[in-house]
Amino acid sequence: MITTAKRLDTVEEYYFSSKLREVRQLMSEGKSIINMGIGSPDLSPSKAVIEAVATAIQDENGHGYQNYQGLPELRKGMADFYQNQFGVELNPNNEILPLMGSKEGIMHISLAFLNEGDHVLIPNPGYPTYTSVTNLVGAVPVYYDLKEANAWEPDFEALEKLDLSKVKIMWLGYPHMPTGARGSLALFEKLVAFAKKHNILLVNDNPYSFVLNDNPMSLLQVEGAKEVALELNSLSKTFNMAGWRVGMVLGNPEIIDAVLKVKSNMDSGMFYGIQKGAVAALNCDKSWFSDQNKIYRRRRELTEKLAEKLGCEVYAAGVGLFVWAKLPEGIESAEKFIDEILYEKHIFITPGTIFGSNGEGYIRFSLCVKEEKVQEAIDRF
């Protein structure tokens, strides 16, 4: 029998991969499941994006291997986007690297900078992939607490008490997933100072800035941030292109070059047509964001009503693609709570526990569900 690598003992199958099999089984049995678990936009990209891809497919030179660094036009589009939206100046030639989704960037960055035994600061609650990738590369996860009492922001006194001598990377993501906490430039300034003090690579995962958020921010707005920081971003949520797999990593040339060394050994470039579509998306005007947010705002209002039906307390300050809600007093298990709703009411909601121990007592609703479906979910109660 062929045995698997020992590194697989450090991870489990991604929660949504296994849970959705369970959901599909229920659907095959004739159950009408309303999926409010996953943040995969159900809305379409703009017509300009679709037209750009349709035109690109006809280009006879567009079907071969592409440059590992992406089209110059795409990198220029990403640089312009950061300049226009955040006031951040980036050199498209050496400070931007397009990715096949920002999720792969987590692996590339980890492979580029982590040795076996290095420590990694990971938010609790936070995106589960930070932990799984850290384990896969043989590094050690060190969790730092985020709690509602502190607006889901790090406690710097607690951070300073940790043994930081082996810490190489610190992951963060604001607007925060899963809670929707906004963060602030003042917080980013503290984080950059902390990273400089302890010689830590700071990585901000920033795909939710433009969803229900009237003040988008970038970690790279902080003066001197490029010395110690990278930012990941994605077109998945902002432009309804989750399945297209278009992301980016941004930072100083030396760090970007290290990530490129890994990436260039992992893939053979992004499909030309997808890159042209991404260029069109990045050129969308402000009406695109306002039109999308009108839809998400109506969905959020209805989803908050659903949460209230369940006796939950919504984190009203949250932004982004999700509604984070505290369970009623007396509920001991978020996973048991959502399973009862799944099997009794045929509604799938995400338990907060998959994001870390500080997610116990909370659940997360996705806004990637049409209004009539959210209303149907409410009516089932």
Side-chain angles (χ1 to χ4, degrees), residues 82 86-91 94-95 97 102 105-106 108-127 129-131 133-135 137-177 179 181-206 209 215 217-233 249-259 262 356 358:
Y82 258 69
F86 301 119
V88 172
E89 186 174 340
L90 293 159
N91 185 332
N94 57 17
E95 292 186 323
L97 180 62
S102 58
I106 298 170
H108 292 341
I109 292 165
S110 297
L111 285 171
F113 291 98
L114 294 174
N115 293 312
E116 190 171 345
D118 284 341
H119 289 192
V120 180
L121 289 172
I122 296 173
N124 176 13
Y127 188 31
T129 298
Y130 305 144
T131 295
V133 167
T134 297
N135 286 328
V137 301
V140 180
V142 177
Y143 298 101
Y144 63 93
D145 287 330
L146 303 179
K147 295 187 176 179
E148 187 167 7
N150 199 40
W152 304 106
E153 294 183 0
D155 179 338
F156 285 90
E157 286 187 18
L159 281 173
E160 291 288 356
K161 291 176 182 177
L162 296 173
D163 178 4
L164 301 170
S165 60
K166 294 183 180 180
V167 173
K168 198 78 170 289
I169 290 176
M170 180 177 185
W171 293 102
L172 60 140
Y174 288 96
H176 183 244
M177 200 291 297
T179 68
R182 295 169 187 256
S184 66
L185 284 178
L187 171 62
F188 287 166
E189 287 169 357
K190 286 183 181 179
L191 285 161
V192 168
F194 175 79
K196 287 182 177 181
K197 177 180 177 181
H198 297 286
N199 195 30
I200 294 170
L201 176 61
L202 194 62
V203 189
N204 187 43
D205 198 359
N206 187 18
S209 271
N215 186 27
M217 288 177 288
S218 165
L219 177 65
L220 300 180
Q221 288 176 260
V222 175
E223 186 176 353
K226 286 184 194 176
E227 297 170 26
V228 291
L230 290 173
E231 183 154 279
L232 289 167
N233 215 317
V249 59
L250 315 106
N252 80 54
E254 291 77 16
I255 299 177
I256 293 296
D257 189 55
V259 178
V262 174
N358 288 337

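Predicted model, so just to flag it, every value in this text is computed and none were measured.
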Who passes salt bridge (Lys or Arg N to Asp or Glu O under 4.0 Å) against [X], sequence neighbours left out?
{"X": "Lys166", "result": "none"}
{"X": "Lys196", "result": "Glu227"}
{"X": "Glu95", "result": "Lys226"}
{"X": "Glu148", "result": "none"}

Ignoring hydrogens and geometry, is there a side-chain-to-backbone donor-acceptor pair from [X] to [Y] under 3.5 Å?
{"X": "Glu116", "Y": "Gly138", "value": "no"}
{"X": "Asp118", "Y": "Ala139", "value": "no"}
{"X": "Asn358", "Y": "Lys147", "value": "no"}
{"X": "Ser184", "Y": "Leu187", "value": "yes"}
{"X": "Asn204", "Y": "Tyr174", "value": "yes"}

pair [X]-[Y]: side-chain heavy atoms closer than 4.5 Å:
{"X": "Leu162", "Y": "Val167", "result": "no"}
{"X": "Val120", "Y": "Val133", "result": "no"}
{"X": "Val222", "Y": "Leu191", "result": "no"}
{"X": "Val203", "Y": "Val249", "result": "no"}

Does one side chain, of Asp205 or Tyr130, offer a donor that lies under 3.5 Å from an acceptor on the other?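 Checked: Asp205/Tyr130 side chains pair up, N/O donor to acceptor below 3.5 Å.
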Are Glu160 and His198 linked by a side-chain donor-acceptor pair shorter than 3.5 Å?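 Glu160 vs His198: donor-acceptor pair found between side chains.
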Taking side chain to side chain contact (heavy atoms under 4.5 Å, CB included) as the definition, give me every residue that meets it alongside [X], ordered by chain and number, with sequence neighbours left out.
{"X": "Asp163", "result": "Ser165"}
{"X": "Val262", "result": "His108, Leu111, Ala112, Met266"}
{"X": "Leu185", "result": "Phe188, Met217, Gln221"}

Once rounded to the nearest 0.5 Å, what's the spacing between atom [atom1] of [X] and atom [atom2] of [Y]?
{"X": "Ile256", "Y": "Leu250", "atom1": "CD1", "atom2": "CG", "value": "6.5 Å"}
{"X": "Thr134", "Y": "Ile169", "atom1": "OG1", "atom2": "CD1", "value": "7.0 Å"}
{"X": "Ile200", "Y": "His119", "atom1": "CD1", "atom2": "NE2", "value": "12.0 Å"}
{"X": "Tyr127", "Y": "Leu232", "atom1": "OH", "atom2": "CG", "value": "10.5 Å"}
{"X": "Leu159", "Y": "Asp145", "atom1": "CG", "atom2": "CG", "value": "9.0 Å"}
{"X": "Ile255", "Y": "Leu97", "atom1": "CD1", "atom2": "CG", "value": "13.0 Å"}

Would you call the rings of Phe194 and Phe156 parallel, tilted or perpendicular, taking 30° and 60° as the class edges?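 It falls in the perpendicular class, over 60°.
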Closest contact, heavy atoms only, [X] versus [Y]:
{"X": "Asn206", "Y": "Ser218", "result": "ND2-CA, 4.2 Å"}
{"X": "Asn233", "Y": "Ser102", "result": "O-CB, 3.6 Å"}
{"X": "Leu146", "Y": "Pro154", "result": "CD2-N, 3.4 Å"}
{"X": "Leu114", "Y": "Val137", "result": "CD1-CG2, 3.9 Å"}

Lys190, NZ: over 12 other non-hydrogen atoms inside 6.0 angstrom: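 No - once you tally the heavy atoms of other residues, nucleotides and ligands closer than 6.0 Å, there are 12 at most.
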With sequence neighbours excluded, what pairs up with [X] under the side chain to side chain donor-acceptor pair (under 3.5 Å) test?
{"X": "Asn252", "answer": "none"}
{"X": "Tyr144", "answer": "none"}
{"X": "Asp257", "answer": "none"}
{"X": "Asn135", "answer": "none"}

By ring pair (Phe, Tyr, Trp, His ring centres under 6.0 Å) - contacts of Tyr82 (at least two apart):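 In terms of ring pair (Phe, Tyr, Trp, His ring centres under 6.0 Å), with neighbours along the sequence ignored, Tyr82 is linked to Phe86.
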